[in-house]
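Report on the following structure.
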Amino acid sequence: MDDITMDDVMLLIDGEWRKGRGDLIPVVNPATGRTAFHITGASDADLDDALAAVRRGFLQWKGTSAFERSKVLRRAAELLRERADEIARILVTEQGKPLAEAKGEIAFSADTIEWFAEEGRRTYGRVIPSRAANSELIAYREPVGPVAAFVPWNFPILQAVQKLSPAFAAGCSVVLKAPEDTPACCAALAQVFLDAGAPGGLLQLVYGVPSRISEYLIPHPVIRKVSFTGSTQVGKNIAAMAGRYLKRVTLELGGHSPTIVFDDADIDNTIKSIAGVKFRNAGQVCVSPTRILVQDRSYERFIDGFVSATRAIKVGDGLDPSTTMGPLVSQRRLDAIERLVQDAVRHGATVETGGKRIGNEGFFYEPTVMTNVPAGAQAMNEEPFGPIALIAPFKDLDEVLAEANRLDYGLAAYAYTNSSQTIQLLLRSVESGMIAINSQQVSFPEAPFGGMKDSGYGSESGTEAMESYLNTKLVHVTR
Ligand code: NAD
């Protein structure tokens, strides 16, 4: 990464890479804690240029056939696969995750682009039986217009792709504000779309002070749709602004996933299933299993097994092939995790393993398991977004449902049980946008991904994602 220069990460406006005229922003390698390169943020004049280009791009792309759009998306998926090794290394060096995870993110992103390439050819309208023999009623589907998309740093490529693919497939153009922590991998993704034949106006890539950019783009009359992934707090501000200017919005916000383990589950496999994903991306995952609730009889056995699995994790630089957990993305996240663990301990929590920063170079933190964390501790209430597993016992279904639904979050939930009756009750009672039974899998290109309550609204992925980029126009033809 040290050979990346400022010129490598520029704004993409109207198909041309250019230096922004805004602030200079340092980008830090999380494995060293040192500034690796700088990016230039967008000035108001740059944003004006991006808005003019995205408007032109929309008119051109809207007029391109669904068949041609699909070809560009399919080619982009192929190119992303071809460049996976190179882009994965960029992702690791600016984000921190292990190389195998970075490659997995890119492979999943390519599958997502490809799925929407096909789906874009199936955005059917509807012919409605008319009241008169000489007339026709048609529900016609049209792209909603230019989109402002805001993507965070934890899965920067995938989250960009989950916005760009349905938007492009539906016929929309996009101004993408990519994360300032991880700009170079998003620039590499933008180059993939350019090389796949995307017209210059289709995708504008900008960086800068996030609030300044969202406050400039969202009210602007060119923008017709907003999509944001990030924290609940920021999401509420974005929703309020989108509401004031009547822009459609999709919000994928934070979570604090209840993960319920019943006595009748296969406990050894359950430990493997949860431990296998808990520390993925150093826990910086919105659907990470965070509140692990284990039924009384299995509680001690679960803790023993989970703590052993946690101790087997090898923390290190993501580029080292033996690393299974990398650093946190930033000093900000390191400080937040230290604060959450110290607060839990002050409230009487037991640290079963971990609980400390590793070294003083880079943003490494030990994979941490805590028990006896009282409901009043911050970690039990705010999204931990780091390598912290909180494990608590429960007696029965009523007690565990009360805990599962206690928070305002409602993103993902997980349960492990062999009882079909328990499964039925959970499906109806857990307040979450997604629930997986006996696995940790809730993300698929073809299925809706999203939350309820304070975790946001609207879906990314699946046909539901396409819907959010389409308007329905009634056409009434009388002959
Ligand atoms: P943060 O709130 O500064 O940033 C989160 C993301 O939102 C970043 O990508 C940032 O660029 C963007 N952002 C912030 N303010 C914005 C604004 N006014 N307009 C547009 N974009 C804006 O904090 P952080 O330290 O990066 O993360 C803090 C919390 O955010 C985490 O603890 C987690 O709860 C949440 N988060 C959630 C996701 C997710 O996948 N849902 C991803 C990243 C962060």
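The chain is numbered in sequence order, starting from 1. One-based numbering, in listed order, for ligands and for the atoms of each.
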**Request:** Among all protein heavy atoms, pick out the one at the shortest distance from atom 23 (O) of ligand 1; state its residue, atom name and that distance to 0.1 Å.
**Result:** Arg332 NE, 4.2 Å

**Item:** Nearest non-hydrogen protein atom, atom 27 (O) of ligand 1
**Value:** Trp153 CZ2, 4.0 Å

**Request:** Tell me which part of Lys177 gets within contact of ligand 1: side chain, backbone, both or neither, using heavy atoms under 4.0 Å.
**Result:** side chain

**Prompt:** Do Tyr469 and Trp61 have ring centres separated by under 6.0 Å?
**Reply:** no

**Asked** Going by the order shown, which atoms of ligand 1 are within less than 4.0 Å of some heavy atom of Gln159?
**Response** 40 (O)

**Fill in**
the protein heavy atom lying closest to atom 30 (O) of ligand 1 turns out to be Ser231 CB, 3.2 Å

**Item:** Nearest protein heavy atom with distance in Å, relative to atom 18 (N) of ligand 1
**Value:** Ser211 CA, 3.3 Å

**Request:** If you have a sec, work out which protein heavy atom is nearest atom 19 (N) of ligand 1 and how many Å separate them, to one decimal?
**Result:** Ser214 OG, 2.8 Å

**Prompt:** Taking the six-membered ring for Trp, is the centroid-to-centroid distance between Phe193 and Phe168 below 6.0 Å?
**Reply:** yes

**Prompt:** In terms of residue, atom name and distance, what is the protein heavy atom nearest to atom 13 (N) of ligand 1?
**Reply:** Pro210 CB, 3.7 Å

**Request:** Would you mind listing which atoms of ligand 1 come within a distance below 4.0 Å of any non-hydrogen atom of Thr229?
**Result:** 39 (C), 40 (O), 41 (N)

**Ligand-residue contact atoms, ligand 1 with Ile238, heavy atoms, under 4.0 Å** = 19 (N), 20 (C)

**Message:** Within the 4.0 Å heavy-atom shell around Glu180, which atoms of ligand 1 are there?
**Reply:** 11 (O)

**Asked** What is the nearest protein non-hydrogen atom to atom 43 (C) of ligand 1, stated with its residue, atom name and distance?
**Response** Pro152 CB, 3.5 Å

**Fill in**
Rounding to 0.5 Å, atoms OG1 (Thr259) and OH (Tyr414) come to a distance of 6.5 Å

**Asked** Numbering the atoms of ligand 1 from 1, which are under 4.0 Å from a heavy atom of Phe150?
**Response** 20 (C)

